[in-house]
K.L.:
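The structure that follows is given in the form of structure tokens.
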Amino acid sequence: GGRCVTDTGIFGVPYDRGAHWIHMPDINPVAKLAAQAGVDIYPAPPGQRVRIGRRYARESEMEDYLATQVRATGAIADAARRADMSCAQALPKDLGEWRSTVEFFLGPFGCGKDLAEISAVDFARSAERDVDAFCRQGFGTLIARLATGLPVQLSTPATAIEWGGRPGVDVVTGKGRISAATAIVTVSTNVLAASKIRFSPELPKRHLDAAARLKLGSYDHVALELPGNPLGLRADELVFEKSNGPRTAAILANAAGSTLCIVELAGSFGRDISARGEKEMVAFALEWTTKLFGADLKAVVQRRHATRWN
């Protein structure tokens with residue numbers, strides 16, 4: 001399960017602290033329920049832009065970048081048909097100057113993990129995400145409204161699940177037992193592997209072994225309030241940089257037409273900098289953004305916030 005919560009207190013506008021993108025809205029069941037929730041779903045701008053230092057990539061450079069991206073995904077798909085391996089192992093050795101940028105786009109940005117930690121078979125089987133949408137009131141707001149009327153209990157951690165041997169299940173919490181026909185368990189693989197929830201009878205060993213091997217990814221936001229649109233970008237415009245290593249990010253500008261610009265930190269680099277605290281995350285976001293758009297930005301930035309889901 002991912003986090004899906006919209007905050008309106010930090011900046012005074014909807015700010016998705018967790019999930020934000022609605023992938024493939026035409027077939028996404030959540031998007032189809034948006035009308036009854038009374039929220040506005042609108043299409044994300046197509047494509048992306050890439051900064052090379054203080055300028056944008058030229059048309060010919062974007063063609064090279066996108067061709068490299070296609071070549072990389074094709075190589076992963078080809079490898080997956082032969083045997084499973086990491087996506088990093090499947091990449092051609094001669095991707096050239098765009099290699100780091102493509103690695104970030106496909107791995108940390110797209111999956112929350114470095115390509116070395118992603119199965120080529122899983123990657124090849126995953127659905128295309130070439131059409132996206134956003135919720136103007138926030139994805140978390142949409143989910144919360146869809147849950148209206150449901151008997152949701154917050155701050156009620158489960159400590160045990162008793163199942164098997166009889167009809168139904170019992171979920172043991174600090175506030176008593178919850179009995180039901182079925183329990184859908186969406187806690188993280190880390191929680192399962194650490195036995196934070198006791199199962200009676202125990203889960204099959206192969207399930208626990210699988211959970212222990214499926215490590216979590218890392219994906220955090222650093223939100224910067226930039227009034228006056230100093231980046232000169234459209235609402236919800238997505239920008240990457242031509243990077244030369246894993247110390248990189250992406251930025252989603254002017255989210256839903258607001259003054260919020262969201263710097264995306266992900267993968268092992270994102271996890272490492274998150275471990276150093278919000279101050280370090282914000283400092284990197286400012287350093288990275290000013291490197292690409294100019295040092296004057298530091299004088300413009302007002303409120304800022306980092307998520308630190310790890």
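If you're wondering where the values come from, they're calculated on a predicted model, not measured in any experiment. When reading the values below, keep in mind they use all heavy atoms of this one structure, side chains included, and skip hydrogens, waters and symmetry mates.
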K.L.:
Rounded to the nearest 0.5 Å, how far does NE2 of His20 lie from CG of Leu252?
P.N.:
5.0 Å

K.L.:
Examine the side chains of Asn244 and Ser100 and answer whether a donor and an acceptor come within less than 3.5 Å of each other.
P.N.:
no

K.L.:
For Ser179, enumerate each residue passing the side chain to side chain donor-acceptor pair (under 3.5 Å) test, keeping only those at least two apart in sequence or located in another chain.
P.N.:
Asp170

K.L.:
Is it the case that the side chains of Thr248 and Glu241 hold a donor-acceptor pair, with the cut-off being a distance below 3.5 Å and no angle test?
P.N.:
yes

K.L.:
Examine Trp163 together with Phe199 and report whether their ring centres are nearer than 6.0 Å.
P.N.:
no

K.L.:
Strictly below 4.0 Å, N to O, side chains only: are Arg81 and Asp78 in salt-bridge contact?
P.N.:
yes

K.L.:
Of Lys242, Arg55, Arg49, which meets salt bridge (Lys or Arg N to Asp or Glu O under 4.0 Å) against Glu61?
P.N.:
Arg55

K.L.:
Please check if the number of heavy atoms outside Lys291 that lie under 6.0 Å from its NZ is greater than 12.
P.N.:
yes

K.L.:
Does the structure place the NZ or CZ of Arg51 under 6.0 Å from the centre of the six-membered ring of Phe293, at an angle of no more than 45° from the ring's axis?
P.N.:
yes

K.L.:
Consider only side-chain heavy atoms of I, L, V, M, F, W and Y, link residues closer than 4.5 Å, and tell whether Val172 and Val191 are in one cluster.
P.N.:
no

K.L.:
Working note: Val171 + Thr173, criterion side-chain contact (heavy atoms from CB on, under 4.5 Å); need CA distance, chi angles, decisive distance, verdict.
P.N.:
CA-CA 6 Å; Val171 180; Thr173 78; 4.2 Å; yes

K.L.:
For the CD atom on Glu287, are there more than 12 heavy atoms of other groups (residues, nucleotides or ligands in this structure) within a distance under 6.0 Å?
P.N.:
yes

K.L.:
Kindly indicate, with the supporting measurements, whether the criterion side-chain contact (heavy atoms from CB on, under 4.5 Å) is fulfilled by Leu216 and Lys113.
P.N.:
CA-CA 8 Å; Leu216 297 183; Lys113 286 185 173 184; 5.8 Å; no

K.L.:
How many angstroms lie between CG in Leu142 and OG1 in Thr6, if you round to the nearest 0.5 Å?
P.N.:
8.5 Å

K.L.:
Could you check whether atom CZ of Arg54 has more than 12 heavy atoms from other residues, nucleotides or ligands sitting under 6.0 Å from it?
P.N.:
yes

K.L.:
Answer yes or no: is there a side-chain heavy-atom contact under 4.5 Å between Pro25 and Val131?
P.N.:
yes

K.L.:
Between Asp94 and Arg71, does any NZ, NE, NH1 or NH2 come within less than 4.0 Å of an OD or OE carboxylate oxygen?
P.N.:
yes

K.L.:
Would you please test Thr289 and Lys298 for side-chain contact (heavy atoms from CB on, under 4.5 Å) and show each step?
P.N.:
CA-CA 9 Å; Thr289 309; Lys298 287 188 176 180; over 6 Å; no

K.L.:
Val239, Ile262: one ILVMFWY side-chain cluster at the under-4.5 Å cut-off?
P.N.:
no

K.L.:
If I take atom CG from residue Leu214 and atom OG from residue Ser188, how far apart are they, to the nearest 0.5 angstrom?
P.N.:
10.0 Å

K.L.:
What are the two closest heavy atoms between Tyr42 and Ala256, and how far apart are they?
P.N.:
OH-CA, 3.1 Å

K.L.:
Using the rule given for salt bridge (charged side-chain N to carboxylate O under 4.0 Å, His left out), can you reason through Glu103 versus Arg99, listing the C-alpha separation, both sets of side-chain angles and the distance that settles it, and then say yes or no?
P.N.:
CA-CA 6 Å; Glu103 286 178 337; Arg99 184 183 190 93; 3.1 Å; yes

K.L.:
Between CZ of Phe11 and CZ of Arg304, what distance do you get to the nearest 0.5 Å?
P.N.:
9.0 Å

K.L.:
State whether the number of non-hydrogen atoms from other residues, nucleotides or ligands found under 6.0 Å of Asp130 atom CG is greater than 12.
P.N.:
yes

K.L.:
Do Val187 and Ile197 come close enough that some side-chain heavy atom pair is under 4.5 Å?
P.N.:
yes

K.L.:
Where do Asp84 and Val121 come nearest, in terms of heavy atoms and distance?
P.N.:
OD1-N, 3.2 Å

K.L.:
Can the ring centroids of Tyr65 and Phe240 be said to lie less than 6.0 angstrom from one another?
P.N.:
no

K.L.:
Leu231 versus Leu226: any side-chain heavy-atom pair under 4.5 Å?
P.N.:
yes

K.L.:
So, using ring pair (Phe, Tyr, Trp, His ring centres under 6.0 Å) as the criterion, who are the partners of Phe269 when residues are at least two apart?
P.N.:
Phe284

K.L.:
Classify the ring geometry between His221 and Tyr219 as parallel (under 30°), tilted (30 to 60°) or perpendicular (over 60°).
P.N.:
perpendicular

K.L.:
Looking at side-chain heavy atoms only, is the closest gap between Glu225 and Leu260 below 4.5 Å?
P.N.:
yes

K.L.:
Ignoring hydrogens, what is the shortest heavy-atom contact between Ala124 and Ala80? Give both atom names and the distance.
P.N.:
CB-CB, 3.8 Å

K.L.:
Quick one, Thr8 and Val13 - any side-chain contact, counting heavy atoms below 4.5 Å?
P.N.:
no

K.L.:
Any side-chain heavy atom of Asn28 sitting closer than 4.5 Å to one from Asp26?
P.N.:
no

K.L.:
Taking atom CG of Asn229 as the centre, does the number of heavy atoms from other residues, nucleotides or ligands within less than 6.0 Å exceed 12?
P.N.:
yes

K.L.:
Does Leu265 belong to the same Ile/Leu/Val/Met/Phe/Trp/Tyr cluster as Trp288, with side-chain heavy atoms less than 4.5 Å apart forming each link?
P.N.:
yes

K.L.:
Side chains of Cys261 and Asn254: does their closest heavy-atom pair fall under 4.5 Å?
P.N.:
yes

K.L.:
Can you check whether Tyr15 reaches Thr307 side chain to side chain, under 4.5 Å on heavy atoms?
P.N.:
yes

K.L.:
Show your reasoning for whether side-chain contact (heavy atoms from CB on, under 4.5 Å) applies to Ile251 and Leu224.
P.N.:
CA-CA 10 Å; Ile251 188 166; Leu224 305 175; 5.6 Å; no

